[in-house]
Amino acid sequence: MKPILFLLTLAIGLSSASCRKSASSATATQGDGTSPADKPLVIGVAFETLQTEYWVAGFEAIRADLKQRGWTMLEAVSDGDTNRQLEQVKNFITRRVDGIILVPKDSKTCLPIIKAANAANIPIVLFNRPADKSEARSVAVVADNFALTKETVTYLVSEAEKSGRKHKAALLIGDLGDINAIGRRDGFDAAIKGKESVIEVVARIPTEWSQEKAQSGIVNALQAHPDISFIFTSSDFLFPSIVSALKGAGKYHKIGTPGHVILGGFDGDATAYQMLKEGYLDATGVQDVYFEAKQCIDAILDLRAGKILPELIRDPGFVIHQGNLEAKSAQMWGAQKR
Amino acid sequence: MPSSRPSKETAGLILPGVLFRRALGSDYFVLGLCVIYALAVGPFTPGFFTPENAANLLSTALPLLLVALGQMIVLITGGIDLSVTSIIGLCSVTGAMVMNPESGGLGGDMLTVPAGCIAMLLVGMLVGTANGFAVARCRMPPFIVTLATMMGVGGFAVWLTQSKAINQLPPAFNALGGHTGIALAITALAAGCVQVMLNRSVFGRWLYATGHNPRTAHISGVPVGGVLIAAYACSGMLAALASVFYTGQAETGSPVLGQRILLDVIGAVVIGGTSLSGGRGKVLWTIFGVLFLKLIDNTLNLLSLSIFTLTIVKGAVILLAAVLDAWRIRVAGHPA
């Protein structure tokens with residue numbers, strides 16, 4: 001039993017060390033004496049996932065921006081595991097990073113992570129997903145999901161109106177634990193409000209940000225309502241599932257040809273750009289990933305300098321469609337990846 | 001008359017061989033690997049030898065250890081429990097629903113935290129018992145039973161919350177997972193109970209006997225069915241206890257909590273030396289297995305390696321541990 005007693009003693013010693021860690025971390029970051037602007041910084045970047053093009057683009061944009069400034073980036077991806085992300089951020093704190101950029105899993109589970117950074121006096125900025133209101137202090141750089149979706153869907157509705165008939169619509173909803181998904185759903189609903197003579201929503205498909213669920217959902221919807229002629233997805237990364245389902249139903253046609261299903265999305269990824277270029281996609285709301293990356297890093301600098309920032313820094317984004325494709329594609333991150 | 005004792009030259013060859021076999025067969029083999037790994041990688045890993053990192057390592061290892069102990073009990077019987085991750089998610093949302101002031105209805109009552117914890121443990125035990133019943137009484141393969149439970153229970157947890165996380169949990173509950181000292185005390189108590197159960201009780205002997213050969217165990221009078229049901233119930237309850245810690249750390253009940261840790265759980269138990277074919281496993285081995293896996297995780301994270309590298313390295317280490325385990329059984333005749 002002696003080794004067990006030794007392990008137990010060691011563990012108790014370590015756990016008591018944890019009680020002292022907050023104070024020691026805070027002292028180290030505050031007491032270095034250098035001004036924030038004159039030394040290369042080390043930034044911890046913790047993403048919840050790299051499973052879609054958008055997150056990869058965001059990750060790479062941050063990496064490129066930090067490299068350009070001559071700063072060091074420490075990276076961590078938690079693969080959807082909240083507790084692992086907390087561990088990763090604590091590792092950043094252990095390494096005394098100068099700032100943390102975080103993509104949390106959702107708006108609630110990130111609160112202890114933000115509190116840990118607060119306790120260590122390390123500025124923390126959330127990329128694209130804001131936290132719930134709480135005593136935890138953070139800044140989030142986020143697209144105006146509601147406004148941008150509303151603008152995109154309003155364009156799609158105006159296209160639908162041109163046909164002079166009523167369209168049956170399907171909406172692919174994201175994970176409702178994600179405030180961005182809620183904003184996009186609400187933006188869609190706001191855009192079609194009062195347009196009941198043009199749009200009738202016959203299917204609301206919960207995807208939980210899963211391509212498989214989107215695929216089965218849209219196939220089922222097309223079977224139940226073969227006359228669906230208007231589809232909006234809350235994220236462009238679900239387009240391959242939609243296209244596959246439409247092809248299976250013989251409904252994937254270019255804009256202007258008979259049987260075309262009006263398609264709209266959100267994000268502005270490479271698939272959406274290709275579909276726009278080939279004339280299948282009507283419009284998508286583009287998040288400006290480069291703007292968001294730059295704002296995150298600038299916000300860390302500002303917070304280190306003691307400036308008071310708003311809790312939300314908005315990325316206005318823009319709608320790209322067949323009418324402005326040439327003019328706007330240079331700003332679309334998905335177009336840069338092709 | 002030739003001497004039966006080896007000559008000095010022969011002894012010089014035999015001694016290292018004997019020591020090597022002893023090291024391979026030792027209960028502390030994986031602990032030795034942990035020390036060697038820490039000494040080899042630690043100096044090149046920024047922040048590794050700091051009290052903060054040690055505390056971080058400990059706080060993340062404790063809930064994993066609890067789930068791994070439950071998995072070990074099931075593996076000793078020759079089964080496997082794939083449903084532990086879903087049990088963690090379901091218990092997390094159950095506890096959160098009980099303790100949340102809006103959905104729970106207890107509204108800050110001093111019984112809120114005990115009620116939430118008891119509900120979580122009961123749910124874990126109930127799901128585990130259902131698994132055990134299907135394996136023992138319906139004679140279904142544990143892999144299929146627990147796979148089906150993983151899917152069903154996981155889906156039920158998502159449906160229950162409509163995919164939404166539940167927060168506003170009592171601070172006293174959050175402290176159970178967030179305060180390393182409390183978590184350590186509870187984990188040590190749970191590990192101690194499992195240790196006593198395995199080594200000092202008739203039930204422990206029944207578990208090993210069932211894992212070695214259920215038919216022989218049955219003929220010898222071991223109530224194999226009851227032992228299996230109890231083993232899965234223990235696994236479910238320990239997963240529920242881990243859920244208390246995970247939920248407390250996240251300060252939120254989530255149906256997808258712990259969904260990605262199955263590889264870590266099985267990996268840690270196997271690295272420790274518990275046999276996938278049953279009849280072999282110890283608490284100490286599992287502690288060392290968890291420690292080794294968390295050490296790898298921790299150092300790779302501190303080195304800021306990409307998720308792709310991290311996953312590949314972890315997979316390779318688990319594979320290596322399984323190969324090494326098979327080899328040490330062959331070479332050293334590892335004791336059961």
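Proteins get letters first, then strands, A, B, ... in listed order; numbering begins at 1 in each.
- With a 4.5 angstrom heavy-atom cutoff, B/V158 touches chain A only via side-chain atoms.
- The structure places CD1 of B/I261 at 9.0 Å from CZ of A/R84, a figure rounded to the nearest 0.5 Å.
- Between A/I93 and B/E52 there is no side-chain heavy-atom pair separated by less than 4.5 Å.
- The CG atom of B/L303 sits 11.5 Å away from atom CD of A/E75, with the distance rounded to the nearest 0.5 Å.
- Other residues, nucleotides and ligands place more than 12 heavy atoms under 6.0 Å from the CZ atom of A/R69.
- Contacts of B/N199 with chain A are absent, with no heavy-atom separation under 4.5 Å from either backbone or side chain.
- Put simply, CG on A/D79 and CZ on B/R260 are 4.5 Å apart, with the number rounded to the nearest 0.5 Å.
- Using a 4.5 Å cut-off between heavy atoms, A/Q88 contacts chain B through its side chain alone, with no backbone atom that close.
- Considering CG of B/N53 and NZ of A/K90, their distance stands at 11.5 Å, rounded to 0.5 Å.
- Ranked by heavy-atom pairs shorter than 4.5 Å toward chain A, the options B/A185, B/P46, B/G47 are led by B/P46.
- In this structure, the portions of A/L74 lying under 4.5 Å from any heavy atom of chain B include both its backbone and its side chain.
- Only the side chain of B/L257 comes within contact range of chain A, with at least one heavy atom under 4.5 Å from a heavy atom of that chain.
- Of the atoms belonging to A/T82, it is side-chain heavy atoms, and not backbone ones, that fall under 4.5 Å from chain B.
- Distance alone, capped at 3.5 Å, places no donor-acceptor pair between the A/N83 side chain and the B/T60 backbone.
- Neither the backbone nor the side chain of B/L57 comes within less than 4.5 Å of any heavy atom in chain A.
- Taking the side chain as every heavy atom from C-beta outward, B/N298 and A/N91 approach each other to under 4.5 Å.
- The heavy-atom pair separating A/P112 from B/A250 by the smallest distance is CG-O, 3.2 Å.
- Taking 4.5 Å as the limit, some side-chain heavy atom of B/V256 sits within range of a side-chain heavy atom of A/K105.
- Once rounded to the nearest 0.5 Å, the distance linking OG1 of A/T109 with CD of B/Q249 reads 12.5 Å.
- Looking at A/L50, the atoms closer than 4.5 Å to chain B (heavy atoms on both sides) all sit in the side chain, from C-beta outward.
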